[in-house]
Number of protein chains: 2
Amino acid sequence: MVKIHDVAKLAGVSVATVSRVVNNNERVAENTRVKVEWAIRELNYAPSVLGRNLRTSKSNLLLVLLPSISNPFYTEIINGIEDTAIARGYNILLCETDSNPKREAIYFNLLRNRLAEGIISMDPSVNKNKLNELSESYPIVQCSEYDTESPIPYVTIDSEQAAYDAVTHLIESGHQKIALINSDERFLYARQRRNGYEKAMEAHGLPIKGEWIYHAEQLDFKLGQNAIRKLLQLDDQPTAVFAVSDVYAIGALKEIHRHGKKVPEDIAIIGFDKIIFSDMAFPTLSTIAQPMYEMGCISAEMIMDKINGIAVKSRVLDHQLICRDST
Amino acid sequence: MVKIHDVAKLAGVSVATVSRVVNNNERVAENTRVKVEWAIRELNYAPSVLGRNLRTSKSNLLLVLLPSISNPFYTEIINGIEDTAIARGYNILLCETDSNPKREAIYFNLLRNRLAEGIISMDPSVNKNKLNELSESYPIVQCSEYDTESPIPYVTIDSEQAAYDAVTHLIESGHQKIALINSDERFLYARQRRNGYEKAMEAHGLPIKGEWIYHAEQLDFKLGQNAIRKLLQLDDQPTAVFAVSDVYAIGALKEIHRHGKKVPEDIAIIGFDKIIFSDMAFPTLSTIAQPMYEMGCISAEMIMDKINGIAVKSRVLDHQLICRDST
DNA sequence: ACGCTAAGTGAAAACGTTTTCAGATGGTGG
DNA sequence: CCACCATCTGAAAACGTTTTCACTTAGCGT
C-alpha cells in the first residue's frame, strides 16, 4: 500500500509538503505542488483515513439510531441526513436497534470508542437515561421523537396540533364517532397524538369512548388490521378512524375491505406520516405530512454544529394536512 | 479522554498488559487481570478504535452500496447483512448512490482510503468497469444484481427461472394475453426476467406482442400506473400482467382500479420481490419471493470471508412462487 | 553590505493502540 | 546449588497521518 512517505520520496519533498498538498490548505509553491500532484497520480496514492483519524482525533462518522429500517417513515429522513452529511464530509452509520437494548449498547459504545463523533437518535424506544448520561459527554440530537425533560436538542413537529388537525378534519367531514389507533403510550408522540385527538373531540363537544381507542404495541400492518377487527365488533361502532401512523391506517384500510365495507362511505380513515405507500393504497390515504427530508437535513446540521462546538436550538417544524380519498 | 496509558498507571502495570486484558486473548495472571479490570471500571475507560484501527490496519467497516434506501426490497437484505456483520464485530456503512456517479465515486474512495474493508454492491446501475477494476485490489461481492463476465462473486436467485414460473402460473390460470412490465434492460435482472417471460410464453405456444411489453426507466409506482394506462389503450388488451417488481405491480393494481376494472377477474397481476406492502395491497399481490434476509446474511459472510483471505463461491438461492388474491 | 520580512520547506513529535521480543521471576528436577 | 523451563510482564517499535516549530532562501529597503 503506497503511503505518504512514498509520494514524498518520489516528488523529492518531505511528507509535510505532501500532506499540505493533499489538504490543499497551506501555501506551497506552485511548482512543488505540481511535482507532488504528479507523484500522487503516478503512484495512485490515496491517503489513509486511519492515520488521519488518529492524528486528528476525528472520524467524520455520524451514528443514526433508528428502531427499524423497514419503516418507510424513516427513509426520507435518512435521505436528508445523508445528503447533508456528505456535503460536509461526513458519513453515516445507520444503526437499527430493533428496540433491542443489547444492540443499542453496541452502538452507544461506538461513540465512546471514538468511532462516531455524534448521534442522531430517531428511536422512540431508546433508553432515555443512558442517552441523557451520554449527552453530557458526547454530541447527541434527537429527531422526531424527543424527551421533554432532557436538554438534548431535537427537531420535530407539533404532534398534538397535527393530531388535533387530523381529527378536526374528520369532524368537519361530518363524523362524530371517531376511533383512535394509537401506538404504545410509552412514546411521547403517542401521548401527544392522543392528547390532540381528545382535545379535538372535546372542543367539538363529542364524547370519547374508551373502547374506541386501540393501542398497538409495535409498528406493524397487522396491528392496524387487529384494531379494525376489534372496532367492528363493538355495538356502537365508530364511523371514522384516526391512525397515528400510515402503517396502521393501511392495515386498517385492508381489513375494512375484508369486511365488505367501503372507505370513506362506511368508515373514513386518516393516517399520519405520508409514507410513500399512502398514495398507493386503495383508496388513497388522507394523512398528515411531516417535512421528513427537511427534518433529516436539520438534524444533520444540528449534530455537526454541535460537534464543532456551535450551540444549537431545538426546532419544531410545520406539518400539513393531506386530504385524499379515504376521508 | 482517558487512554490506555492512564489505566496502566492506575493499575500499576504496563500498557501492554492493559491491552492484553482488553483483548482478553493472552494469558495474564489472574490477580493482575482483576487489578486492570478494576482500573478500567474506575476510569470508565473505553479503548479508542482510532488508535486500534491504525495499528491493526483494520476498520471493521463494510460498505453497502444500494441505489436507494426507499425501495423496500433492500430493507430485508440489509437486516441480514447487519445482523451477520455485527455478530462478527463489523459495522456497515449504508451508501445510497441514487444512481449518481459522483456519489459512487465518494463511496469507492472510502475503500481506497481504508475506511472500509470491503463492499457489498446491490446497485444495478453501478459502474461495472470501475467495480471490476477495484475488485482486483479490494474485497467486493455483489448481491442480487451481478455481472456475468466479471470474476466478482455474487449471491442471487435465478431470475429467469423465477420469471418463467410467474408467467407459467398466469398461463395455468387460463391467461393467454400476458403483458410484461419490465425495468430498464441495462440491468441484468431485467434482461433475465424478460427471457423467462418469453420462454414461458413460447413454451406454451403463446404469441408475444411488442406492445405488451412496457419498459420503466426507474423504480417508481407511477411507472406501474403509466404502464397500465398504456396497456388499456390497446385494441388487443392483455388479461394478465407480470411486473418485474412489486413496486410496479402495486402501482398497476391501483391504476386498474381507477379504470373501474377488477383484479383478478378483469386483469390478473403478479409481482416480484414480496415486499412488505405486497400483502397490504388490495387485493393481496401474488408475487415471487426472494430469500432476502438470507441473501443479506450470505453476502455479509462472503465479504468477510473474502476480507480474511478465504476463497468464496457465488451462490444462487431458491425463489418461491407466492399465490395470493391478485391471480 | 546589512538586517529584516515573507514565503516555502523539512525534521520530528504526536495521536492511541497492538505486538514483538527479551527480561524477570519462581518453581522444579537433577 | 545449579540449570532449566514455564509463565508472566514491560520497553519500545510500529501503524500513517498532521502540525508545530525552526530553518533556509530570496527579495527588499536602508
Side-chain angles (χ1 to χ4, degrees), chain A residues 1-40 43-61 89 109-117 137, chain B residues 1-40 43-61 89 109-117 137:
Chain A
M1 206 76 288
V2 32
K3 40 196 160 185
I4 200 172
H5 187 83
D6 304 320
V7 177
K9 192 143 65 176
L10 180 61
V13 299
S14 75
V15 294
T17 300
V18 178
S19 174
R20 282 189 268 256
V21 170
V22 168
N23 301 286
N24 63 348
N25 54 358
E26 296 233 6
R27 32 195 190 173
V28 14
E30 189 54 25
N31 56 342
T32 69
R33 152 161 286 121
V34 304
K35 256 193 316 188
V36 171
E37 280 166 348
W38 166 82
I40 287 175
L43 298 174
N44 191 22
Y45 166 72
S48 161
V49 95
L50 268 36
R52 174 181 300 168
N53 283 352
L54 176 59
R55 171 59 218 224
T56 59
S57 306
K58 285 180 64 65
S59 66
N60 281 25
L61 247 32
N109 259 329
L110 297 183
L111 200 56
R112 307 207 322 131
N113 289 335
R114 266 75 106 225
L115 209 223
E117 296 184 34
S137 318
Chain B
M1 206 77 282
V2 31
K3 40 194 158 187
I4 199 172
H5 187 83
D6 305 319
V7 177
K9 193 144 65 174
L10 180 62
V13 299
S14 77
V15 294
T17 301
V18 178
S19 175
R20 282 190 269 255
V21 170
V22 167
N23 300 289
N24 62 349
N25 54 358
E26 297 231 7
R27 34 196 186 170
V28 12
E30 188 53 24
N31 56 342
T32 70
R33 154 163 282 122
V34 303
K35 258 195 312 189
V36 171
E37 280 169 348
W38 167 81
I40 288 176
L43 297 174
N44 192 24
Y45 167 73
S48 161
V49 95
L50 269 38
R52 172 181 301 168
N53 283 352
L54 176 58
R55 171 58 219 227
T56 59
S57 305
K58 286 181 64 63
S59 65
N60 280 30
L61 248 32
N109 259 327
L110 297 184
L111 200 56
R112 306 207 322 130
N113 289 334
R114 268 76 106 223
L115 209 222
E117 297 183 33
S137 319

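Below, chain A is the first sequence line, B the second, and so on; all start at residue 1. Because the structure is predicted, anything quoted here is derived from the model rather than measured.
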Review point. Does A/Arg112 have any side chain to side chain donor-acceptor pair (under 3.5 Å) partners at least two apart in sequence or in another chain, and if so, which?
Key: A/Asn109, B/Asn44
Exercise for review: Output yes when a side-chain donor or acceptor of A/Glu117 lies under 3.5 Å from a complementary backbone atom of A/Ser59, and no otherwise.
Suggested key: yes
Review point. Please walk me through it: do B/Val13 and B/Val28 pass side-chain contact (heavy atoms from CB on, under 4.5 Å)?
Key: CA-CA 11 Å; B/Val13 299; B/Val28 12; over 6 Å; no
Protein N or O to nucleotides 13-15 of chain C N or O, pairs below 3.5 Å:
residue : atom : partner : partner atom : Å
C/dA14  : N3   : A/Arg55 : NH1          : 3.1
C/dC15  : O2   : A/Arg55 : N            : 3.3

Point to revise | Interatomic spacing from CG in A/Leu54 to OG in B/Ser48 - rounded to 0.5 Å | key: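 The distance works out to 6.5 Å.
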Check your understanding: For the atom pair CG (A/Asn60) and CG (B/Leu115), what is the distance rounded to the nearest 0.5 Å?
Key -> 9.0 Å
Have a look at [X] and say if it touches a base, only the backbone sugar-phosphate, or nothing, with a 4.0 Å heavy-atom cut-off.
X: B/Ser19; answer: base
X: B/Val49; answer: nothing
X: B/Asn53; answer: nothing

OP1 or OP2 of [N] under 4.0 Å from side-chain N/O of [X]:
X: B/Thr32; N: D/dC8; answer: no
X: A/Thr17; N: C/dG10; answer: yes
X: A/Arg52; N: D/dT18; answer: yes

Check your understanding: Between the two end axes of the helix from C/dA1-D/dT30 to C/dG30-D/dC1, each built from 5 base pairs, what angle do you get to the nearest 10°?
Key -> 60°
Point to revise | Given D/dT19, C/dT9, D/dG10, the nucleotide with the shortest approach to the side chain of A/Ala29 | key: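 That would be C/dT9.
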Review point. The side chain of A/Ala16 lies closest to which of these nucleotides: D/dT19, D/dG10, D/dG16?
Key: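 Closest nucleotide among those given: D/dT19.
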Please state how far atom [atom1] in [X] lies from atom [atom2] in [N], giving the value in whole angstrom units.
X: B/Asn60; N: C/dT18; atom1: CG; atom2: C1'; result: 14 Å
X: B/Ile4; N: D/dA12; atom1: CD1; atom2: P; result: 17 Å
X: B/Asn113; N: D/dT18; atom1: CG; atom2: P; result: 11 Å
X: A/Glu30; N: C/dT9; atom1: CD; atom2: C1'; result: 16 Å
X: B/Tyr45; N: C/dG16; atom1: OH; atom2: P; result: 10 Å
X: B/Asn31; N: D/dT9; atom1: CG; atom2: C1'; result: 12 Å
X: A/Lys58; N: D/dT19; atom1: NZ; atom2: P; result: 11 Å
X: B/Leu43; N: C/dG16; atom1: CG; atom2: P; result: 15 Å

Exercise for review: Measure across B/Ala39 and B/Ala11 and return the closest heavy-atom pair with its distance rounded to 0.1 Å.
Suggested key: CB-CB, 3.8 Å
**Study point:** Minimum heavy-atom distance B/Val22-B/Pro47, with the two atoms named
**Key:**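 Closest approach of B/Val22 to B/Pro47, heavy atoms only: CG1-CG, 4.0 Å.
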Review point. Closest nucleotide of DNA chain D for B/Arg33 versus for A/Ser48: which of these residues is on the 5' side?
Key: B/Arg33
Point to revise | Note, B/Arg20 side chain near B/Thr32 side chain (heavy atom, < 4.5 Å) | key: no
Exercise for review: Check whether any side-chain heavy atom of A/Val36 lies under 4.5 Å from a side-chain heavy atom of A/Arg33, and answer yes or no.
Suggested key: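 A/Val36 vs A/Arg33: side chains apart.
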Review point. Any N or O donor-acceptor pair linking the side chain of A/Arg20 to the base of C/dG10 at under 3.5 Å?
Key: yes
Point to revise | Sole candidate of A/Ile40, A/Leu10, A/Asp6 that passes side-chain contact (heavy atoms from CB on, under 4.5 Å) when paired with A/Tyr45 | key: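 Considering A/Ile40, A/Leu10, A/Asp6, a side-chain contact (heavy atoms from CB on, under 4.5 Å) with A/Tyr45 is found only for A/Ile40.
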